[in-house]
Number of protein chains: 2
Amino acid sequence: MNKSFVSADDVAKRAGVSRSAVSRTFTPGASVSEETRQRVMEAADALGYHVNQLARGLMRSESGIVCLVVSEMDTPYRARLVRALTHELQTAGKIAMLINTDRSDGSVDGALRQTLHYRADASILLSGLPDKAITRLCLNSGQRIVLINRDDDIEGPFRINLDDGQAARVAVSAFLRAGCRRLAFANSDVGTPSLMARERGFIAAAAEFGLEVMVVRHGNTVYESGRKIAQTLFTEPKRPDAVFCVNDLMALGLMDGAKHDFGLHIPEDLCVVGFDDIEQSAWTSYSLTTFSQPVDEIVKSSVAWLQSEATTGGVRSVSLHAPLIWRKTIRHKSVGA
Amino acid sequence: MNKSFVSADDVAKRAGVSRSAVSRTFTPGASVSEETRQRVMEAADALGYHVNQLARGLMRSESGIVCLVVSEMDTPYRARLVRALTHELQTAGKIAMLINTDRSDGSVDGALRQTLHYRADASILLSGLPDKAITRLCLNSGQRIVLINRDDDIEGPFRINLDDGQAARVAVSAFLRAGCRRLAFANSDVGTPSLMARERGFIAAAAEFGLEVMVVRHGNTVYESGRKIAQTLFTEPKRPDAVFCVNDLMALGLMDGAKHDFGLHIPEDLCVVGFDDIEQSAWTSYSLTTFSQPVDEIVKSSVAWLQSEATTGGVRSVSLHAPLIWRKTIRHKSVGA
DNA sequence: CGCCTTTTTGCAAGCGTGTGCAAAAGTTTC
DNA sequence: GAAACTTTTGCACACGCTTGCAAAAAGGCG
């Protein structure tokens, strides 16, 4: 009664076997006779025994813990990714530790240090760029690292990225086909690699057609910033007729600004394309045409890489395709032409 | 080089002290002279030493792990709660394990079993109702349990709830003041206690004024269900002029249905109130008047209770107030009267 | 300096588990 | 039935840490 957790010893005593037998019963692939296994299982059930993963992690090299390092995790896209990741990890027999890097102090570096405290097998970073020293520390400790959508030149982690440049190119040609000529790009000033890749790609693709792009960067990558950008963009003398927003949240904010503050009609007066394909983009009030994040593929390939044996060599980086989901914010034919 | 993790032994050797000294250096409140502490710290930094929390959790009664049991965690309200919880837990020196109960097999019970595997100090349940046997098992193992918004009669866990009934009452009187007389209630058929409490409260409050309520329940507590309910509600011969939606997502779906499928104007033709005050409700396209989940209070009181010493006696339940946030989906004066 | 009190330190015994190794038990073959 | 083999089992050590206990060191006081 007093002893809160029941240990393998207790089970062994009750089943009349050695503690090793108990351990082996719960270790897949170990050598136990069917009879003793039965006896052990029975005793374990009766006592409510669970193997202590902490202790197991102490012996084995693997703890079964995978850390997810995330900031602003209530953002629709991030939340979806976290949900999918935890699910996939669980079906792979691992468990997710969630590290919130919202606060400014130390942030990502501190988070990675935490992952070491708990001897995580791996860390998956959805936000922030870790210091190289810390990254190396993790790698040296035998930890695996996955970077999602944050390409950089660190050697060692597995990197998953989207073909942002290609997507930007598709956006430009979609706009052109719709008869748009005054292109704009709405970005935050966060400056994450993937966001900047979209910006560069868009500008480059437009340049191929001899078009310049109005670029506006503002605040965080959120709805409010989109609204704000609408204010500056649509008071310009030459109001753009097409905006590629670096992310859906900003696109939705920009659309609301365009509609309610400027009375613009979408897609007649203005075409908009976003990125992420969050749930809200499909809502009737928006019906945003946007690039879809291949969340399932991202998750599958992350977890698959974590499972893979080869720690050296092998693939170190994957680039996935983000298809354009056609809804109603790009008109199909040129207007007035 | 080969040895991946550096242990306290290594540090001790390098600093020329015993392993106990190292341990004590990293244990707040232990007795170490300032001189040895310095030496140890120096050696630890040089080697990149971190206390192994798994091993520490083995000795101490506390592992520092708190499990969050959630399903559909990409739902805006859930995501916000998870974000706030992880943040608060981290500042309290604890770490969050995230258990996803989306899949049907075993679900919550299996999740709680997982929490035992990792010797979690506590579990916070945001979704699902655990089997009583499992709950008891957790409690017997010295684990603390917090139930958020899922009141039931289980003895032992700490329960946080909102005054759903009171909120429903406020909604009714707000509708009446706006001149609405044909009230409706939009619910999912999930049947969670708090959702049902809102329904009962709304019906009861309406009855006090001699009004009947059209209740529609459909599917899950999501946007799509709201749209579906709009279909059934606004094709009725006596179309309601006020709808209390059990949750914001459903309210937004219902509004989109009302506007785009039936051309209704809000709040002139129809008043709507939601619950949760998710970010999207403040978006210009919706401006939903809704009850605000006191997320900060929920989180603070949860974590505070986890920290509190008294395991027996003390408060076992808290009821928080959800204030009505006035936006634009309830008109201020009666129309046409 | 001797005695007493306080602080610091090392020893060793745990915590609950996995696993190599050798002994024991069981199985096959002649 | 003995020999050769395979399977099962228990012992004991390891994992990395905390902590009670007693010895050692340091400090205080007459």
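Not measured: the values here are computed from a predicted model.
For the pair Gln53(B) CD and dC15(D) C1', the interatomic distance rounds to 16 Å; values are reported in whole Å. What separates CG of Asp9(A) from C1' of dG14(C) is a distance of 12 Å, to the nearest Å. Summarising the geometry, the separation between CG on Leu54(A) and P on dG18(C) is reported as 12 Å, rounded to the nearest angstrom. What separates CZ of Arg56(B) from C1' of dG16(D) is a distance of 11 Å, to the nearest Å. Between Glu62(A) atom CD and dT17(C) atom P the separation is 18 Å, expressed in whole Å. Counting to the nearest Å, the P atom of dA13(C) and the CZ atom of Arg60(B) are 22 Å from each other. Computed from coordinates, the Arg39(A) CZ to dT9(D) P distance equals 9 Å when rounded to whole Å.
The side chain of Ser31(A) contributes no N or O atom lying less than 4.0 Å from OP1 or OP2 of dT9(D). Using a 4.0 Å cut-off, no side-chain N or O of Ser23(A) falls inside it from OP1 or OP2 of dT17(C). OP1 and OP2 of dT8(D) both lie 4.0 Å or more from every side-chain N or O belonging to Ser33(A). Close to dC15(D), at under 4.0 Å from its OP1 or OP2, lies no side-chain N or O of Ser7(B).
Contact annotation for Tyr49(B): backbone-only contact, meaning every heavy-atom pair under 4.0 Å involves sugar-phosphate atoms and none involves a base. Across all strands shown, Val22(A) has no heavy atoms under 4.0 Å from either base or sugar-phosphate atoms.
When ring centroids are compared, Tyr49(A) and Phe26(A) come within the 6.0 Å threshold.
A residue-by-residue look at Glu34(A) and Ser20(A) shows that Glu34(A) has its nearest nucleotide of DNA chain D further toward the 5' end. Comparing Val51(A) and Val32(B) by the nucleotide of DNA chain C that holds the closest heavy atom to each, the one mapping nearer the 5' end is Val32(B).
The side chain to side chain donor-acceptor pair (under 3.5 Å) check on Ser317(B) picks up nothing, with sequence neighbours excluded.
The environment of CD in Gln307(B) is crowded: more than 12 heavy-atom neighbours from other residues, nucleotides or ligands sit within 6.0 Å.
Evaluation of atom-type donor-acceptor distances gives no pair under 3.5 Å for the side chain of Arg24(A) against the base of dT19(C). The base of dG16(C) is not paired with the side chain of Arg119(B) by any donor and acceptor separated by under 3.5 Å.
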